[in-house]
Amino acid sequence: MKIDIDHLTEPELIDLNEKIIQRLRMIRQMRAHVQMMGYRIGERVWFQTDRAETVRGTVVRYNKKSVTVITDDGRRWTISPGFLRKATSDSPIREASNVIEIESARSASGKGIA
């Protein structure tokens, strides 16, 4: 569909621009809402920060265009649902445990077990 805007006056163009912006906002909010509904309150999720750090936590609240996640260390993140991933058995995060990997401990200390 082509729209000829060459004949519109400046006030008409401003009005058209405002309507376009409102429509785009509504489309983005609807998309975020659909993504948000893919997660339940209390569900375990993970995401990566801009520094490639993997963060895991629990969805605690729906916001207008985002969700609030409380991380395992108690931090609160407000994040777009498009960045979230559900925590599953094959996701890159593991549940916290009291088990220490021997390989990691050995390489971290620089000492081997003899």
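Just so you know, these numbers use all the heavy atoms, side chains as well, and skip hydrogens, waters and symmetry mates.
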Please report the interatomic distance CG(Leu84) to CE(Met36), rounded to the nearest 0.5 Å. 10.5 Å

ILVMFWY cluster, Ile79 and Val34 together (side-chain gap under 4.5 Å): no

Residue set satisfying side-chain hydrogen bond (donor to acceptor under 3.5 Å, both in side chains) with Glu12, at least two apart, ordered chain then number -> Thr9

Nonpolar side-chain network containing Met26, other nodes, edges under 4.5 Å: Met30

Give the minimum heavy-atom separation between Ala32 and Pro81, together with the two atoms involved. O-CG, 3.5 Å

Can you give me every donor-acceptor pair (side chain of residues 13-24, partner residue at least two apart or in another chain, under 3.5 Å) with its distance?
residue, atom, partner, partner atom, Å
Asp15, OD2, Lys19, NZ, 3.4

Those residues that, when tested against Asp50, pass side chain to side chain contact (heavy atoms under 4.5 Å, CB included) (two or more places apart): none

Residue list, side-chain hydrogen bond (donor to acceptor under 3.5 Å, both in side chains) with Thr58, at least two apart or on another chain: Arg44

If two hydrophobic side chains count as joined below 4.5 Å and joins carry through other members, does Val69 share a cluster with Met37? yes

Pairwise distance CZ(Arg31) to NZ(Lys65) - rounded to 0.5 angstrom: 12.0 Å

Partner residues of Asp4 under the side chain to side chain contact (heavy atoms under 4.5 Å, CB included) criterion, sequence neighbours left out: Asp6, His7

Among all residues two or more places apart in sequence or in another chain, which pass the side-chain hydrogen bond (donor to acceptor under 3.5 Å, both in side chains) test with Ser80? none

Side chain to side chain contact (heavy atoms under 4.5 Å, CB included) involving Arg40 - partner list, sequence neighbours excluded: Glu43

Crowded around Tyr39 OH? As in, over 12 foreign heavy atoms under 6.0 Å? yes

Residue list, side-chain hydrogen bond (donor to acceptor under 3.5 Å, both in side chains) with Thr71, at least two apart or on another chain: Asp73

Hey, could you give me the CZ/OG distance between Arg61 and Ser66, rounded to the nearest 0.5 Å? 8.5 Å

Co-members of Val60 in a cluster of I, L, V, M, F, W and Y side chains, linked at under 4.5 Å: Ile70

Can you pull out every ring pair (Phe, Tyr, Trp, His ring centres under 6.0 Å) where at least one residue sits in residues 58-77? Sequence neighbours excluded, please. Phe47-Trp77

